[in-house]
Structure formats: structure tokens, C-alpha cells
Amino acid sequence: MYFFLCILSFLDLSYSTTVTPKLLSDLLSTVPEISIGACAIQLYLILLLGGTECLLLTLMAYDRYLAICRPLHYPVLMKWRTCYWLAVIMGLLGFIMFVLPSLLMPLPICYPNQLNHFMCEVLALLKLACVKTYLRELLIFYMSFMSLLIPFIFILISYTCILASVLKIRTTGRSKAFSTCTSHIAVVGLFFGTGMTMYFGPPSMYSSNREKYISVFYGILTPMLNPIIYSLNNRDVKVSLKKVLSKIKQYEMI
């Protein structure tokens, strides 16, 4: 589990690094601008990191399923060598499924133009196209389907099996089994919820400003909240937090 958490932390850090520094520089600049090349690099990195994180969250759900539903087979099925290969395959699939189709079908953009967004997000760039966007919209639907809907269905199936298995456990062991899944469920809800709202909602419901608000949530806030969510479920962190809070109460009483 901690091996996959390290990869999740790396993806979140990379995603934030791809988006946030440029956003901060634009906020400090009187005339924010970005070159076509830099915009393309940012777009492909967003697709790669976002798509890979969806696959990783699915893999983490499968890891929890094996740990709870097949505990005796878990050390054999999830050996370190297997985890390393799964991580490599996940990265390759992220590139092949989400970046390669975009490279094979580039989007001609009218230039010069103004991007009504704080990052080179695919839906915002689509509005600047100089050609008909029907095939590109199908491509975006395919990538959304493969990165959001299919993994989300797999995660639901995994947790359905986990729930059925946990309900068979005696009451004393249920809380421990559920505690290993709560953090992952919270992260999945944040990431997939905002992503599906962005890419599966009716186009008429979303203005450019609303798209930007949703992008802030899954591009900046979610990577920031993920370590907090997982840390609060850690026993050592809970003990340290209680000590800090107790000291604060003592100072307030003084």
C-alpha cells in the first residue's frame, strides 16, 4: 500500500508542479502569456499525469481487495517484483491511452488567440480550434471514458466485494478493515467526482469560469488534500496531532 502511496504522492507533486508555478507567475504578471510549445508540453503532462493517477487509484482499489478478501494469497500475488512491474505497465498505459492519441491527432489552433483558462486544459483549447472539432470531441470522450468511467466502475466492483467480505467478519474486526479503505475512498471521491463533473456534464451547463473553478479543485486542491487525508488515517499522526492540540489547550488555559 505504501509503495503505491509513494507513486500517488509523486503524481500529485508533478501535477501541481505542472500547473501551479505558471498560475502564480500569471497572477504576478500584467500580461500573462504562454507559447504554443509550452502550452503543448503542459497539456500532454496533464493528460499523462491525470490519466496515470486514475489507473493508480484503480490499482490501489485492487490492492485493498486482495488485502481484505484474499489475505492469505496477498503476499504471493503482490510481491515487490509484481508491484514494480504494475507501476511500469501503468505508466506505459497512461502514455499509450492518453498522450499518444493526442499526438496522433493534433489540434490546429487559430493564432494569435486568447485562452480563457489558467492552464492549457483540453476543453479550453478545443474552443480555439480552427477546424471542426467533432473527431476531437470523440477523442476526448474516449479518453474520459477510459480514464474515469471504466476505472470508477472497477473501483465500485472492488469495494462491493470488500463490503461483502467485511460484513462476514466479526464486529470487532470490521472497523480495522474499513479503516484501511476510508482514505482511498475519500481520495477517489474527490478526484473522480470533480473529473466526471468536468468531462461528463452537459456542455450547456458549464461556462468558462465554472470550468476554471472545477479545474482548480482537481488540479490544485485535490493534490494538496491527498496527503492530509492519508496522514489523518495514520496512527502516529493522530497521536502527534492529539499531543499538539492538548498543548494548545494548555497554553490557552494559562
Side-chain angles (χ1 to χ4, degrees), residues 1-15 48-98 145-196 218 222-223 225-243:
M1 182 179 69
Y2 288 104
F3 172 73
F4 295 128
L5 282 178
C6 290
I7 299 176
L8 179 64
S9 300
F10 172 77
L11 291 176
D12 285 337
L13 180 62
S14 301
Y15 201 107
L48 176 63
L49 295 170
T52 306
E53 183 159 341
C54 292
L55 297 177
L56 176 63
L57 292 173
T58 308
L59 186 58
M60 291 172 73
Y62 176 69
D63 176 72
R64 293 298 85 206
Y65 162 76
L66 291 179
I68 294 174
C69 299
R70 304 184 67 182
L72 298 179
H73 297 88
Y74 183 79
V76 178
L77 295 174
M78 296 299 287
K79 294 184 291 187
W80 279 111
R81 185 178 179 183
T82 305
C83 292
Y84 293 145
W85 276 110
L86 286 173
V88 172
I89 292 170
M90 180 183 63
L92 291 175
L93 283 177
F95 178 81
I96 293 170
M97 293 170 61
F98 309 119
F145 185 80
M146 296 300 294
S147 64
L148 292 171
L149 193 59
I150 295 295
F152 187 70
I153 291 173
F154 187 87
I155 291 171
L156 286 179
I157 294 172
S158 298
Y159 276 108
T160 301
C161 297
I162 289 172
L163 182 63
S165 179
V166 168
L167 291 177
K168 298 176 183 178
I169 302 174
R170 294 179 180 178
T171 309
T172 53
R174 289 180 183 177
S175 59
K176 184 178 179 180
F178 277 124
S179 66
T180 62
C181 302
T182 51
S183 299
H184 183 255
I185 292 172
V187 171
V188 167
L190 282 172
F191 192 81
F192 281 86
T194 51
M196 288 183 176
Y218 76 77
T222 300
L225 291 173
N226 283 353
I228 298 174
I229 292 170
Y230 274 103
S231 296
L232 290 176
N233 201 36
N234 185 284
R235 186 181 301 172
D236 296 332
V237 174
K238 287 181 180 179
V239 172
S240 300
L241 185 61
K242 287 179 180 179
K243 288 180 180 179

Q: Hey, could you give me the CG/CD distance between Asn226 and Glu53, rounded to the nearest 0.5 Å?
A: 6.0 Å

Q) What heavy-atom pair brings Gly50 and Phe191 nearest, and what distance separates the two atoms? A) O-CZ, 3.9 Å

Q: Rounded to the nearest 0.5 Å, what's the gap from CH2 on Trp85 to NZ on Lys79? Could you check?
A: 13.5 Å

**Q.** Nearest non-hydrogen partners of Gly94 and Leu55, listed with the distance
**A.** N-CD1, 3.9 Å

Q | Any Tyr74 side-chain heavy atom under 4.5 Å of Arg70 side chain | A | no

Q. Of all heavy-atom pairs between Cys161 and Cys69, which one has the smallest distance, and what is that distance?
A. O-SG, 3.6 Å

Q. What's the shortest heavy-atom distance between His184 and Leu57, and which atoms?
A. NE2-O, 2.9 Å

Q. Within a reach of under 6.0 Å around CZ of Phe3, are more than 12 heavy atoms found that belong to other residues, nucleotides or ligands?
A. yes

Q: Would you give the length of the straight line joining atom CG of Asp63 to atom CZ of Phe4, rounded to the nearest 0.5 angstrom?
A: 5.5 Å

Q: On the 0 to 90° scale, with breaks at 30° and 60°, tag the Phe152-Phe192 ring pair as parallel, tilted or perpendicular.
A: tilted

Q) Is there side-chain contact between Met60 and Ile155, with at least one heavy-atom pair below 4.5 Å? A) no

Q.
Between Ser158 and Phe154 (side chain of the first, backbone of the second, donor and acceptor by atom type, cut-off under 3.5 Å), is there such a pair?
A. yes

Q | Closest contact, heavy atoms only, Leu48 versus Gly91 | A | CD1-O, 4.3 Å

Q | Straight-line distance of Leu93 CG to Leu59 CG, nearest 0.5 Å | A | 10.5 Å

Q: With the side chain counted from C-beta on, respond yes when Ile68 and Cys181 share a heavy-atom pair under 4.5 Å apart, and no when they do not.
A: yes

(Q) Quick check for you: to the nearest 0.5 Å, what is the distance between Leu49 atom CG and Cys54 atom SG? (A) 11.0 Å

Q: Identify the two heavy atoms, one from Ala87 and one from Ile7, that lie closest to each other, and give their separation to 0.1 Å.
A: CB-CD1, 3.7 Å

Q. Which distance, rounded to the nearest 0.5 Å, do you find between the CD1 of Ile150 and the CD1 of Ile153?
A. 5.0 Å

Q. Any side-chain heavy atom of Val187 within less than 4.5 Å of one from Tyr230?
A. yes

Q: Examine distances only and state if a side-chain atom of Thr82 and a backbone atom of Met78 form a donor-acceptor pair shorter than 3.5 Å.
A: no

Q.
If you define the side chain from C-beta out and look only at heavy atoms, does anything of Ser165 sit under 4.5 Å from Tyr65?
A. no

Q: Find out whether Leu13 and Pro223 are in side-chain contact, i.e. whether some heavy atom of one side chain is under 4.5 Å from a heavy atom of the other.
A: no

(Q) If you apply the rule side-chain contact (heavy atoms from CB on, under 4.5 Å), what do you find for His73 with Leu66, and how did you get there? (A) CA-CA 8 Å; His73 297 88; Leu66 291 179; over 6 Å; no

